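Have a look at the structure below before the remarks.
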Amino acid sequence: MLKLTLLPEEYLTINDSVVIQLKRVAGGRADLAIDAPREFPILRGTVLERSGGQRPGCLAPPTGKRARTRRDQIFRWNDDRERAVRAMKQALDRLEQKGSGEEAQILRTQLDRIIPTFWEDDLAAKNQVSNG
């Protein structure tokens, strides 16, 4: 099985007749846009299995985790968040300079969990392009 990682707005093509685009990712959900000929049946896996179809053998078994709902929202980057992250990083640098490196590292790890570095860089760049 081929496994691909896509960022929002990236797409893939299948046999020049099917185009799949990742529109957005919010929490445990991904929104896809699919353009395919009508003769290609497209079914959600739950619908297939509920109607008696078999889960494809190439897929990993379901994790059993429930999908998160209300607390998952789209992460929207803005100038206030940019300033807040910059201020937090400066405060962490000062903590390290004063000899509190262990505490600073714990806080950096938590900050990275909230705002993964690749998102921060990507979203900050997009923000500069849209404002410049």
Side-chain angles (χ1 to χ4, degrees):
M1 170 190 277
L2 172 66
K3 292 184 180 183
L4 301 172
T5 301
L6 297 175
L7 293 171
E9 302 304 322
E10 290 185 330
Y11 68 94
L12 60 96
T13 63
I14 301 172
N15 202 22
D16 292 330
S17 60
V18 177
V19 178
I20 302 172
Q21 182 181 32
L22 176 62
K23 296 300 285 181
R24 69 179 183 162
V25 177
R29 297 180 63 111
D31 290 343
L32 301 174
I34 301 171
D35 182 38
R38 288 194 165 277
E39 58 270 12
F40 285 33
I42 299 173
L43 287 174
R44 183 185 301 262
T46 53
V47 174
L48 174 70
E49 292 173 22
R50 191 176 24 216
S51 63
Q54 294 293 316
R55 181 180 185 85
C58 60
L59 298 178
T63 61
K65 291 182 181 178
R66 288 183 29 195
R68 292 183 258 165
T69 54
R70 190 178 57 169
R71 72 180 188 141
D72 289 335
Q73 294 181 5
I74 297 172
F75 186 85
R76 301 216 185 266
W77 195 251
N78 59 34
D79 289 340
D80 290 336
R81 286 203 170 98
E82 177 77 26
R83 284 190 292 273
V85 169
R86 197 173 306 126
M88 284 188 265
K89 287 184 176 183
Q90 290 170 352
L92 291 170
D93 291 341
R94 288 192 301 272
L95 273 175
E96 286 175 339
Q97 290 171 358
K98 292 180 180 180
S100 299
E102 189 175 326
E103 288 84 1
Q105 187 55 45
I106 292 168
L107 293 173
R108 264 187 219 285
T109 300
Q110 298 308 314
L111 181 60
D112 289 342
R113 284 183 171 172
I114 296 169
I115 305 168
T117 305
F118 68 91
W119 273 19
E120 181 183 328
D121 294 343
D122 185 50
L123 292 170
K126 284 183 183 177
N127 198 20
Q128 287 176 354
V129 169
S130 66
N131 290 334

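Please read all numbers here as calculations on a predicted model, not as lab measurements.
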(message) To the nearest 0.5 Å, what is the distance between CD on Glu103 and CG on Leu92?
(response) 11.0 Å
(request) Check Thr5 against Glu10 and note the closest heavy-atom contact, atom names and distance. (result) O-OE1, 4.1 Å
(message) Measuring from atom CG of Asp93 to atom NZ of Lys98, what distance do you get when rounded to the nearest 0.5 angstrom?
(response) 12.0 Å
(request) Return the minimal non-hydrogen interatomic distance between Leu6 and Leu22, and the atom names on each side. (result) O-CD2, 3.3 Å
(message) Give me the atom names and distance for the closest heavy-atom approach of Pro37 to Ser17.
(response) CD-O, 3.2 Å
(request) Verify the cluster assignment for Leu43 and Val18: are they in a single hydrophobic cluster under the rule of side-chain heavy atoms below 4.5 Å apart? (result) no
(request) Say whether Ile42 and Leu32 are linked into one hydrophobic cluster, either directly or through other cluster members, by side-chain heavy-atom distances under 4.5 angstrom. (result) yes
(request) Say whether Met1 and Leu4 are linked into one hydrophobic cluster, either directly or through other cluster members, by side-chain heavy-atom distances under 4.5 angstrom. (result) no
(request) Report yes or no: do Phe40 and Leu12 belong to one cluster of Ile/Leu/Val/Met/Phe/Trp/Tyr joined by side chain heavy-atom distances under 4.5 Å? (result) yes
(message) More than 12 heavy atoms of other residues, nucleotides or ligands under 6.0 Å from CD of Gln110: yes or no?
(response) yes
(message) Assess the residue pair Lys23 and Glu9 against the criterion (side-chain contact (heavy atoms from CB on, under 4.5 Å)); give the C-alpha distance rounded to whole Å, side-chain angles, the decisive distance to 0.1 Å, and a yes or no.
(response) CA-CA 5 Å; Lys23 296 300 285 181; Glu9 302 304 322; 3.9 Å; yes
(message) Working note: Leu95 + Leu107, criterion side-chain contact (heavy atoms from CB on, under 4.5 Å); need CA distance, chi angles, decisive distance, verdict.
(response) CA-CA 10 Å; Leu95 273 175; Leu107 293 173; 4.1 Å; yes
(message) Within this structure, what is the CE-CZ distance for the pair Met88 and Arg108, rounded to the nearest 0.5 Å?
(response) 11.5 Å
(message) Do Ile14 and Ile34 land in one hydrophobic cluster if side-chain heavy atoms of ILVMFWY residues count as linked below 4.5 Å?
(response) yes
